[in-house]
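As the structure is a computational prediction, the values presented were derived from the model and not from experiment. Throughout, a chain's letter reflects where its sequence line sits, starting with A, and its residues are numbered from 1.
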Amino acid sequence: MAKVKKTDNSVMAVLADPPKLDPKETKEPINVLIVGVGGQGVIMVSKVLALICQNLGYEVKQSEVHGMAKRGGVVFSHVRFGSNVWSPTIPMGKADVLIALEWAEGLRWMSYLRPGTGIFIADTKRIVPPFACRSRILGADIGYSKDTPDDVREKVAEAFALDATEMATRAGNERAANTLLLGALSTTLTFPTEEWKKVIAQMVPPKTVDVNLAVFDQGQNWIDGSRKGEPVEGAAFVPLVQPELNSVRNTLEITAEWCKGCDICVKMCPERCLVLNKDQVAELAEPEKCTGCHICEWLCPDFAISLNPITQEAVA
Amino acid sequence: MNEQVALKKETQAENNKDFEIRDYLRLDLFPHFMCPGCGHGIALRALLWAIHEQGIDKDKLAIVSGIGCSGRVGTYIDANTFHTTHGRPLAFATGLKMARPDLHVIVITGDGDCLAIGGNHLIHAARRNLDITCLMLNNEIYGMTGGQVSPTTPHDRFTTTTPAGNMEPVFDASRLAEAAGAGFVGRELTIHLPRLRDLISEGLEYKGFSFIEVMSDCTEVNGRKNDLGSSPEMVLGQTRTMRPSEYDNNVVDHPFRPNSMDMGVFVRSDRPEYGESYRNMVDQLQGLTQKGQK
Ligand SMILES: Cc1ncc(C[n+]2csc(CCOP(=O)(O)OP(=O)(O)O)c2C)c(N)n1
Ligand code: SF4
Ligand code: SF4
Ligand code: SF4
Ligand SMILES: [Mg+2]
């Protein structure tokens, strides 16, 4: 299988003759790994797939983990199907398709793909978790993966990065992004389209059936078109925007004559950048750490602290 | 209506941006008299911020305060201030508001001032529902006079008048004001400064008697006598020692203290405001309007 590389920003690497995964053709089960974060509909995707497999008479096993799902934590679901499935979990390096509803989650699970044939399909939607922002300084580095589709291309056999969330939003329902990815997934398998649509119509809320079926088609066309090298409508991958480091400088004025050394500001400052000096007066010891959160100003019972955020332009 | 509310919130947020506390202070009196870490200072910031948020003109503002550290707080505000007698700020404020309904009358009082010597004034002010905002700074002690027991001192606390620990049951001031008929009642901790500001702001906006209980720290007297820790420890400890119900502090069942205290707005009623009813009656008696007509 020759690997065709496109330099398009949102697509990816395409295989010249992509495999159609057919459970009838193999003895081993087919493995689909679906990942994302809480609330995106990972479980819905895996349930639809599992139900179709069941309807078509295959043995199917599904297992899932929700890590703090309600708070936007990791959620993943393994779906394995075929004539015989023993273990419900996919071993590393054995996933045939990886469907990621969130960009960094896709990158995180990439090593589960089968080397040489694994297909990577990811929404470029990025949900930056709070713990990726360790430093609260405006403009500080975000601990979120900086990898772009270009970086992924080198690592997997076939890769698609599409802004499913944006496409679903344009179609009328942001929450249908997972169905759009189901459409993309359907192109890798041999199941008939009607079967997919029947199950999707059963699973989604009745009012949203139309939009879900429409985005399913969109997902299918997007992958098929990309494989044929046709221009497909999607949204380009936009790198994370980060405000310039220290674009805001905070000036903390401490009126020494008013400070009574109560220590409240020192102990309450989340960045620990204040100290009491030898005269028991508060002092900003590490100005570069101050995020301008106002806590010291607000809780000083003596009004001794005032914080004035000044933008860099104003300073210059 | 919703649009109006949204617009108002927007204006308030806009107002908030340029809040400069020194515009509202009598700077020549600073530094203020309060002990290091005293929660009354934080409460004062919340009040001034709320006043700013409501866009109240300083000339239209009348601060009436009683006696105590809480009462002294009022004297630092650069507006019309009236430092009255112990327990009686509500009585003075009632007279003032009746004579000058155009003023925003705010009472600053303490737990001793408002609930002990002034308890009677509180229940009647609440009953009448005259348009006054009453800020009770509850530090659970008589701070100014060196730490005597007050009607809100928790069980077992040491004070100069309870050397073996307090054995008296307490008042839940907010519930008291509610039972007496106050049109607006709420309670908040000083550590929740933005929430406290919003609560006061809402109280200021309310037409009628608004009673706001501010849970404050007396670091010097209450804190030291009872080993409640340093100033930062006391502020941080509010969420534990003052047992706000939202922190699930319903520890031991204690008949002597509201076992777990809720925070936020408890009452927001549309009872008639006393001043307006009064002026309507005067108009009627003077033959200006008919009964039942405004
Ligand atoms: C008629 C009268 N009785 C007693 C006093 C003494 N006195 C002054 S302040 C105070 C108690 C104040 O306590 P509180 O209202 O809780 O205010 P805090 O100082 O705690 O803020 C007392 C009893 C007084 N000034 N006048
Ligand atoms: S504003 Fe104050 S509390 Fe916040 S980080 Fe700066 S010094 Fe610390
Ligand atoms: S909180 Fe205010 S009074 Fe207390 S130490 Fe800090 S600056 Fe000084
Ligand atoms: S005695 Fe207590 S209430 Fe009074 S100023 Fe000192 S700490 Fe504050
Ligand atoms: Mg008191």
Side-chain angles (χ1 to χ4, degrees), chain A residues 70-71 136 138 247-286 289-314, chain B residues 16-49 69-70 73 76-78 137 139 143 189-197 214 216-220 223 229-239:
Chain A
K70 281 205 176 132
R71 287 169 171 261
R136 288 173 285 247
L138 189 62
S247 57
V248 170
R249 201 190 69 182
N250 302 295
T251 55
L252 203 72
E253 265 176 62
I254 300 178
T255 311
E257 306 77 60
W258 291 12
C259 168
K260 295 187 184 130
C262 72
D263 212 23
I264 288 180
C265 58
V266 176
K267 291 281 156 40
M268 300 295 269
C269 169
E271 315 302 328
R272 294 275 185 271
C273 47
L274 292 158
V275 291
L276 285 187
N277 66 16
K278 62 175 192 341
D279 301 325
Q280 296 295 296
V281 168
E283 214 176 77
L284 183 62
E286 295 175 272
K289 277 199 197 163
C290 171
T291 59
C293 71
H294 288 281
I295 287 175
C296 56
E297 184 191 33
W298 289 353
L299 292 184
C300 171
D302 289 86
F303 318 119
I305 301 183
S306 63
L307 182 94
N308 305 299
I310 302 178
T311 56
Q312 206 66 289
E313 296 98 76
Chain B
N16 273 345
K17 267 192 222 145
D18 51 43
F19 171 59
E20 181 44 80
I21 194 159
R22 291 181 192 213
D23 297 345
Y24 291 87
L25 295 175
R26 288 181 174 145
L27 295 174
D28 50 333
L29 299 182
F30 272 76
H32 61 49
F33 83 100
M34 283 175 262
C35 312
C38 176
H40 289 1
I42 307 175
L44 176 57
R45 173 182 289 274
L47 171 64
L48 295 178
W49 201 348
C69 301
S70 45
V73 164
Y76 293 98
I77 303 176
D78 184 24
L137 310 186
N139 53 10
L189 306 169
T190 52
I191 194 176
H192 291 160
L193 181 101
R195 267 155 67 170
L196 178 59
R197 170 202 65 203
V214 184
S216 176
D217 291 315
C218 171
T219 44
E220 198 57 29
S230 61
S231 305
E233 278 164 0
M234 280 187 76
V235 185
L236 264 173
Q238 287 184 355
T239 51

Which bit of [X] comes within less than 4.5 Å of chain A, counting heavy atoms only: side chain, backbone, both or neither?
| X | value |
| --- | --- |
| B:I21 | side chain |
| B:Y76 | neither |
| B:T190 | backbone |
| B:I191 | both |
| B:R22 | side chain |

Donor-acceptor pair, distance only, cut-off 3.5 Å: does the side chain of B:E233 make one with the backbone of B:S230?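 Yes, the answer is positive, given that a donor and an acceptor are paired below the 3.5 Å cut-off.
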
Do side-chain atoms of A:T255 reach the backbone of A:F303 as a donor and acceptor pair under 3.5 angstrom?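 Not confirmed, A:T255 side chain does not pair with A:F303 backbone.
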
Give a yes-or-no answer on whether the side chains of B:H40 and B:S70 include a donor-acceptor pair shorter than 3.5 Å.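 No donor-acceptor contact under 3.5 Å links the two side chains.
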
Distance-minimising heavy-atom pair for A:I295 and A:M268: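 Closest approach of A:I295 to A:M268, heavy atoms only: CG2-O, 3.9 Å.
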
Could you report the tightest heavy-atom contact between A:C262 and B:G37, atom names first, then the distance?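 Where A:C262 meets B:G37 most closely, the heavy atoms are CB-N, 3.3 Å.
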
Could you tell me if the side chain of A:C300 sits less than 4.5 Å from the side chain of A:C265, heavy atoms only?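 A:C265 does not reach A:C300 side chain to side chain.
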
Do you know which of B:P232, B:G41, B:P36 has the most heavy-atom pairs under 4.5 Å to chain A?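 Top option by heavy-atom pairs under 4.5 Å: B:P232.
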
So which residue, B:A46, B:P194, B:P31, B:C35, ends up with the most heavy-atom pairs under 4.5 Å with chain A?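 Sorted descending by pairs with chain A, the first entry is B:P31.
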
Heavy-atom proximity to chain B below 4.5 Å, by part of A:Q280: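 The answer is neither part of A:Q280.
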
